[in-house]
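Here's the structure we're looking at; comments come further down.
Numbered from 1 within each chain, the chains take letters A, B, ... in sequence-line order.
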2 protein chains.
Amino acid sequence: MSLPYAILTALLEKPSSGLELTRRFDKSIGYFWSATHQQIYRELGKLEAEGFIRTLPSQQPARGQKKSYEVLPAGRAELARWTGTSQDPRPHRDTLLLRMRAAAVVGTEGIEADLRRHLDLHQRQLAEYEEIDKRDFPPGKDSSQDRLRHLVLRAGIDLETFWIQWLTHALEEFETV
Amino acid sequence: MSLPYAILTALLEKPSSGLELTRRFDKSIGYFWSATHQQIYRELGKLEAEGFIRTLPSQQPARGQKKSYEVLPAGRAELARWTGTSQDPRPHRDTLLLRMRAAAVVGTEGIEADLRRHLDLHQRQLAEYEEIDKRDFPPGKDSSQDRLRHLVLRAGIDLETFWIQWLTHALEEFETV
DNA sequence: CCTCCTTGTGCAACTAGTTGCATAAAGCCG
DNA sequence: CGGCTTTATGCAACTAGTTGCACAAGGAGG
């Protein structure tokens with residue numbers, strides 16, 4: 001699966017401890033590959049056992065003691081291999097669309113309020129992305145690294161924009177019934 | 001989770017056997033809630049045990065013997081309850097965006113071909129949706145049922161359109177490096 | 001200095017989803 | 001009528017992801 005590769009990418013961007021990774025997942029990589037701290041700790045253990053990462057020296061492993069990891073050459077190679085390997089898109093699951101379809105059969109009772117709530121959530125997310133856009137990608141920056149990362153952010157922005165439009169349209173539909 | 005509700009919706013639209021449901025999932029509900037035949041058979045068993053569905057009469061249960069199900073009033077009520085219940089959007093995972101982010105760190109070797117392949121897949125999917133659009137939603141049809149189902153289809157069409165645009169843009173980016 | 005809160009790591013048990021395979025009936029075809 | 005394919009149902013074992021909780025260290029404050 002993809003989680004180990006998400007972690008390798010995050011660690012290459014910056015060596016971190018489990019908790020730091022968890023926090024960074026919550027506001028960056030996690031936008032398109034979320035993970036709980038549990039998954040992350042477990043995966044860090046596996047990656048270390050496989051020789052893809054190691055704990056930074058000068059740190060004895062103990063509970064409640066911060067333990068930072070960095071990527072080893074074998075880990076970078078494995079990530080590069082995976083990145084270049086063709087993969088099918090994973091099946092796509094969306095509860096809200098499913099509920100709309102159900103609502104067509106059993107009635108729309110109660111769903112409108114939740115559409116509004118989702119609209120609000122997407123608007124917040126969009127605002128967050130635009131914040132990042134302004135902060136991390138000012139006009140001058142366009143190394144090829146930056147351009148790729150910016151492309152990913154654009155996908156996020158455009159997806160949120162799509163949802164906002166769709167939800168707005170759906171809510172209009174409800175008003176005219 | 002949502003699978004049982006996807007199945008209830010499909011069965012309300014039309015009573016079916018396990019295999020028929022599997023096929024219908026592959027070309028309708030499955031566009032936003034996919035499931036394997038395995039999941040479906042297991043879930044049908046559970047739904048029957050809970051008294052939400054039953055096998056159509058005049059059918060003895062035997063291997064290799066078709067067994068059709070229909071939704072009972074309790075099942076419809078449960079689906080209506082679920083549909084009207086507020087739910088958080090589930091975390092969103094996308095391998096391709098993750099790979100782009102990884103590519104920013106370890107290089108883009110090999111990813112371009114796969115972007116083209118994905119572009120092709122999305123174009124086919126869009127064509128399929130537009131086919132359904134033409135076939136199932138001619139201008140006259142707009143009962144409130146139809147309008148909701150059409151709204152869901154529009155989401156599919158617009159999402160595919162988004163991906164096609166994004167991938168096209170990404171590939172242009174690659175050419176100018 | 002002892003309790004409480006925060007930071008950090010981790011185990012165990014669960015739910016959801018996937019993959020591989022078995023089995024049975026029924027139709028097709030020489 | 002005997003093997004071959006298709007239709008149909010299902011078990012078992014696996015991988016991925018979630019939830020609930022435990023526990024240790026260190027700092028803050030009465």
Integer-rounded Å distance: D/dT9 C1' and B/Tyr69 OH | 9 Å

Whole Å only: how far is the CD1 atom of A/Ile40 from the P atom of D/dT18?
-> 11 Å

Of all the choices, C/dT18, C/dG10, D/dC11, which nucleotide is nearest to the side chain of A/Lys67 once you look at every atom?
-> C/dG10

Could you work out the complete set of other residues in the hydrophobic cluster of A/Leu19, with links drawn between I, L, V, M, F, W and Y side chains under 4.5 Å apart?
-> A/Tyr41

Option from A/Leu167, A/Thr168, A/Thr161 for which side chain to side chain contact (heavy atoms under 4.5 Å, CB included) with A/Gln165 holds = A/Thr161

Nearest-angstrom distance from the residue atom CZ of B/Arg93 to P of C/dG17 | 12 Å

Hey, are B/Asp120 and B/Arg116 close enough for a salt bridge, meaning a charged N less than 4.0 Å from a carboxylate O?
-> no

Considering only side-chain heavy atoms of A/Arg42, which listed nucleotide, C/dG10, D/dA8, D/dT18, is closest?
-> D/dT18

DNA chain D contacts made by residues 1-36 of chain A, counting heavy atoms under 4.0 Å = A/Met1, A/Trp33, A/Thr36

Any B/Gln39 side-chain N or O less than 4.0 Å from OP1/OP2 of C/dA16 = no

Could you tell me whether B/Asp114 and B/Arg117 make a salt bridge, using a distance below 4.0 angstrom between a side-chain N and a carboxylate O?
-> yes

Considering only C/dT18, D/dT18, D/dC11, which nucleotide approaches the side chain of B/Pro91 most closely?
-> D/dT18

Test: A/Lys27 and A/Glu128 ion pair at under 4.0 Å = no

Salt-bridge criterion met for A/Glu20 and A/Arg23 (N-O under 4.0 Å) | no

Look at the side-chain N and O atoms of B/Gln38 and state whether any lies under 4.0 Å from the OP1 or OP2 oxygen of C/dG17.
-> no

Is the base of D/dG10 touched by the side chain of B/His37 through a donor-acceptor pair closer than 3.5 angstrom?
-> yes

Separation of A/Leu44 atom CG from C/dG8 atom P, in whole Å?
-> 14 Å

Do any side-chain nitrogens or oxygens of A/Tyr41 fall under 4.0 Å of OP1 or OP2 in C/dG10?
-> no

Find the distance B/Arg90:CZ to D/dT18:C1' and express it as a whole number of Å.
-> 11 Å

Atom CD of A/Glu43 to atom P of D/dA16: distance rounded to whole Å?
-> 8 Å

Could you grab the distance from atom CD of A/Glu78 to atom CD of A/Glu50, nearest 0.5 Å is fine?
-> 8.0 Å

